[in-house]
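Here is the structure we will look at, set down as structure tokens.
Below, read A as the first sequence line, B as the second, and so on, with proteins coming before strands; counting in each chain starts at 1. These numbers were taken from a predicted model, which means no experiment stands behind them.
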Amino acid sequence: MSVIENNTEQCGNSLTRELTQNPLKKIWVPSSKNGLPERHISQRKVCMTNCPTLIVTVGLPARGKTYISKKLTRYLNWIDVPTKEFNVGQYRRECVKIYKSFEFFRPDNEEGLKIRKQCALAALNDVRQFLTDEGGQVAVFDATNTTRERRETIIRFAEQNGFKVFFVESVCEDPDVIAENIVQVKLGSPDYTHCNTEEAVADFMKRIKCYENSYQPLDEELDRDLSFIKIIDVGRRYLVNRVQDHIQSRIVYYLMNIHITPRSIYLCRHGESDLNVKGRIGGDSGLSARGKQFADALGQFIQSQNISDLKVWTSQMKRTIQTAEAVGVTYEQWKALNEIDAGVCEELMYEEIQLKFPLEFALRDQDKYRYRYPKGESYEDLVQRLEPVIMELERQENVLVICHQAVMRCLLAYFLDKTAEELPYLKCPLHTVLKLTPVAYGCKVESVCLKVEAVNTHRDRPTNVDVSRQAEEALLTVPDHQ
Amino acid sequence: MPRELTQNRIQKIWIPSKDDKPSMPRIPHGGPHLANPPTVIVMVGLPARGKTYISRKLTRYLNWIGIPTKVFNVGEYRREAVKHFSSYDFFKSDNEDAVKIRQQCALAALRDVKIYLTEEEGQVAVFDATNTTRERRDIILEFGAENGFKIFFIESVCEDPNVIACNILEVKVSCPDYQDCNKTDAVEDFKKRIECYRVNYQPLDPDQYDRNLSFIKVIDVGRRFLVNRIQDHIQSRIVYYLMNIHVQPRSIYLCRHGESQHNLQGRLGGDSGLSTRGRKFAGALADFVEEQNLQDLKVWTSQLRRSIQTAEALNVPYEQWKGLNEIDAGVCEEMTYEEVRERFPEEFALRDQDKYYYRYPSGESYQDLVQRVEPLIMELERQENVLVICHQAVMRCLLAYFLDKSADEMPYLKCPLHTVLKLTPVAYGCKVESIFLNVEAVNTHRDRPEEVKRGPSTLIRRNSVTPLTSPEPNKKPRIEGLDDPTIREVTPAQLTLCSTTHTTLALSTQHWLSEACLRTFLHYLQVVSVLLFQRT
């Protein structure tokens, strides 16, 4: 990657290093002698924690441990903290190919105990690899971990490897909640593929019983030196002990904001805008005629959905507000939902960007997630800006978010667990509503196209992303416009 | 068909206009949705558990993020009613008359809470008192139910004698109650005061009695928290904030980057490098930091060149935060003020009209800045010693948070180049030391212009942040029914505190309100005082 010479700076006396601006992310970093940017690890990111963290779930079966593990993992990855979950049950399924019955889990089943312990250790081994060799920052160890003995083993393991440990315990005695969990996620588990519902439920209840006798919940006194959060009755109450650092604080805040009340989140873009029609990016234009048609169609769609207590959120840009006006309910404007700031490229067409800033155009195709427009933003910046929106979405119930292409991609990536590589290329066409409904461990997506024509604004990644490419190669994937 | 939109000239917010004519911006009823309906935060705990500390800090934070909040400290009402504090005996649970006074003070404070929340557009009221009995809390719950207020309890539980002793020394010894006492006696009396409460203390019980209440129990200054039934967004934010603050001694250093090329030319914004003097300042800053001799200093910069260059001179690791970037001047970036006045005269005038809410076209306002900077404030609360090298507008935002300045004052706070502000938390507030590092620089401060015509009132929106200064606690509590003149006539019975015959006198105070013996008593005191007491 070539260095932009006129951005290099002398820093006065010879002791201070020169700064050079990373051409992709526009971050100023000290350059080494030959003018190339030095590699600085923690300079770009906020330091979340000094050493890797091991999150350990605790709780009887069907208490939502895996639900929490997966959701937390998804959130942490989205805010750019490399996280991975390790579900011991899966290791067990690998080991014991065919599940027979709850008898496997009986406390007096020595063979079963041996296998289960081996699986736990195998999982811990993979945890070590992920955190030490693979650049992982957080590992979620998802198992019952209901005995103090098992937890001691894990703590020793963490100490040996220099990991911090944070326990997340879920305690629940509400029979309705437990029954619902079993129906939602256990019945469909590989363990019960050849069982009917009653058999599966009966077996699972007996499985829970096997753990109950030896269950030693985290204790305020006995475990007072550990860092943990105890979630009681699906979030009615929390006990938080000894939060050690920033990442644990964020985890606690997240866990305290999520809920499992059924609801749906509707995501869509503003109606087609005048700039959309001309193939220009950014700006603050109003709706085109077709865009206004979409706004009306959206209003009708929302009415037909018959949603109770729908909140409507827009950005502070004219086109989303115009769209919301047609829906006819009160809406809240969030500056955080504004479209990505294209800086010097605002209101340009892709063809113009190629003409005026061919290097920038190529860099963007090379790493669209981290690429920051000069004097503008990157997708990476967007995610940081949108985090409070996500947090509030977690707290809310039925919400319609009327936003923009890049913003919608970020939100969608959060809900559908997409990687940074996939995120900037997610398809979010105009005049289409995505209805997201949480189900089991993930999210069901229904795509509703509201049958009003619009331009296509999606630009795929071209084959040639090299700086030296020809203009035609760069513009190959630009969608049609006026 | 959707209504036509018009853009509010100051905040650049799109709102529906009537009949294609731009309408006057309206303030939506009820203000921000963040805390609808109003919330009463009720402190619970024995004396010296940090209730007032928490009350004030929380109030400062909520006001800064735009939620009108006010503290109602019942102790202050009591000091108004009972002009001279005698001794801990006032707080004995069998001191019937005192109990009556204390109850009346609490009710007076609640009355003021109601006025603040229903008539003065308050959103959150913090009811700062011990509230250690179920009986008292039930009264408050009833009050909340009658008026449609949400109730959220914050209980502080602590049995660490060191912490308690430290609290007493920091804030109790210097309180008006003990102004005529020496330290040792004050501490002793206060400890006895605590015992008076302890006898009847009924902590919040999450398992049985209080399981349906919304509260957070802060245990051992934040080592542990018990959180029960969070009802809404504001309670969730409060809990998050409480879980991030700490009481470790530390200092926060705020300064701007060294003088930049643009500063020299009088240009706004941009991303220029340091001038020669700016580089000199960076060196001086490095020396200053060394002299401070801090262990574990974190250094934060923005992602703009000038602040990073400044940090580079320190030769320590630093973290770059995009959130610390200077306010985005949009179309006015890199112009001088003269050029702005020439090319965008209307914008120039609007900014002076309402500098806090004014948003540059395609840029930001101070209001936007506060929202952008909030996660940094949260992280600053978590940290210990930090040096923040930022920019003029950003530094004003941060300063307004630490020094409890309103939205009105914030854009005019003085943050000159080449000057470090050292903030050290002390008692209920922040000590500020301003250190000019002796390197000359241009002045970039523009004062509030003399003639400022106030335009139409600005919009208050959800997530809009309008810092308010925490209102002064009520100076004149109206305590009805407390018209017994004898109380105000009681002269310094604080003499009893320092008396060796303390106990004997104390017993007699049980009858002190009886008019008959009062004057005799006073006379006796005056006589005795001459004979017995020598002030240390």
Side-chain angles (χ1 to χ4, degrees), chain A residues 9-13 15-17 19 21 26-30 42-47 220 224 235-243 245-246 249 252-253 256-257 284 286-287 292 295-296 316-318 321-326 330 332-336 341 346 375 381 384-385 387-388 392 395, chain B residues 1-3 5 7 12-16 28 33 206 211 222-230 232-233 236 239-240 243-244 271 273-274 276 278-280 282-283 298 303-305 308-309 312-313 315 317-323 328 333 362 364 368 371-372 374-375 378-379 382 461-463:
Chain A
E9 251 291 324
Q10 281 283 4
C11 267
N13 62 61
L15 290 174
T16 50
R17 300 176 286 187
L19 289 183
Q21 196 179 44
K26 313 300 189 289
I27 303 259
W28 289 101
V29 287
S42 69
Q43 260 192 342
R44 176 193 59 78
K45 255 195 324 212
V46 172
C47 190
E220 274 182 53
R224 65 179 171 282
R236 185 149 301 162
R237 196 190 313 168
Y238 304 92
L239 183 72
V240 180
N241 201 58
R242 289 194 185 256
V243 169
D245 59 18
H246 179 106
S249 167
V252 165
Y253 185 44
M256 285 172 55
N257 281 320
D284 194 15
L287 297 179
K292 290 183 182 150
D296 287 331
Q316 282 187 355
M317 295 181 144
K318 190 174 181 187
I321 299 166
Q322 273 185 306
T323 310
E325 279 282 315
T330 27
E332 290 174 38
Q333 296 186 17
W334 292 68
K335 186 168 193 272
D341 183 357
E346 277 284 318
K375 305 203 178 157
D381 296 327
Q384 188 163 51
R385 148 147 89 81
E387 200 264 351
E392 189 56 22
R395 287 200 60 80
Chain B
M1 273 278 128
R3 293 181 286 183
L5 296 180
Q7 198 179 42
K12 312 298 190 291
I13 303 243
W14 290 102
I15 42 172
H33 296 271
R211 68 185 176 284
R223 183 151 301 165
R224 197 184 324 155
F225 302 90
L226 195 146
V227 180
N228 202 57
R229 291 193 184 258
I230 300 179
D232 59 18
H233 177 105
S236 165
V239 165
Y240 185 44
M243 287 174 56
N244 281 318
D271 195 14
L274 296 180
T276 315
R279 287 193 290 261
K280 195 155 168 231
K298 293 260 163 71
Q303 284 186 353
L304 294 172
R305 196 196 317 185
I308 299 166
Q309 274 183 305
E312 276 285 315
N315 243 320
Y318 53 88
E319 288 174 41
Q320 297 185 17
W321 296 73
K322 186 167 195 274
D328 184 356
E333 276 283 317
S362 307
E364 294 177 303
D368 295 326
Q371 191 158 46
R372 163 154 67 86
E374 197 265 350
M378 199 61 89
E379 189 54 24
R382 287 199 59 82
R461 292 196 169 269
R462 176 3 160 346
N463 298 313

A:V240 side chain reached by B:M243 side chain, heavy atoms, under 4.5 Å
yes
Next item on the list: State, with a plain yes or no, whether a side-chain heavy atom of A:H246 is found less than 4.5 Å away from one of B:E379.
Entry: yes
Residues at least two apart in sequence or cross-chain that pass salt bridge (charged side-chain N to carboxylate O under 4.0 Å, His left out) with A:E346, listed by chain then number, are none
Interatomic distance, CG@B:L226 vs CD@A:E220, rounded to 0.5 Å, equals 6.5 Å
With chain A, the option among B:D271, B:L304, B:V239 that has the most non-hydrogen atom pairs under 4.5 Å is B:D271
| CZ of A:R395: more than 12 outside heavy atoms within 6.0 angstrom? | yes
Between B:L5 and A:K318, the two heavy atoms sitting closest are CD1-O, 3.8 Å
Bottom line for B:P206: the part with an atom under 4.5 Å from chain A's heavy atoms is both
Counting only heavy atoms not in B:K298, do more than 12 sit closer than 6.0 Å to its NZ atom?
no
Check your understanding: Does A:Q333 use its side chain to pair, donor to acceptor, with the backbone of B:I15 at less than 3.5 Å?
Key -> no
Nearest heavy-atom approach of B:W14 to A:M317 is CD1-C, 4.1 Å
Whatever's closer than 4.5 Å to a heavy atom in chain A on B:R223 counts as both
To the nearest 0.5 Å, atom CG of A:D341 lies from atom OG of B:S362 at 8.5 Å
The interface call for B:N244 against chain A, heavy-atom contacts under 4.5 Å, is side chain
With sequence neighbours left out, the residues meeting salt bridge (charged side-chain N to carboxylate O under 4.0 Å, His left out) with A:K26 are A:E360
CH2 (A:W28) and CD (B:E312) are apart, to the nearest 0.5 Å, by 12.0 Å
Rounding to 0.5 Å, atoms CD1 (A:I27) and CD1 (B:I308) come to a distance of 7.5 Å
Under 4.5 Å to a heavy atom of chain A? For B:Q7 that would be side chain
Separation between NZ (A:K335) and NZ (B:K12), nearest 0.5 Å, reads 12.0 Å
**Report entry** Side chain proximity check, B:H233 to A:N257, heavy atoms < 4.5 angstrom
**Finding:** no
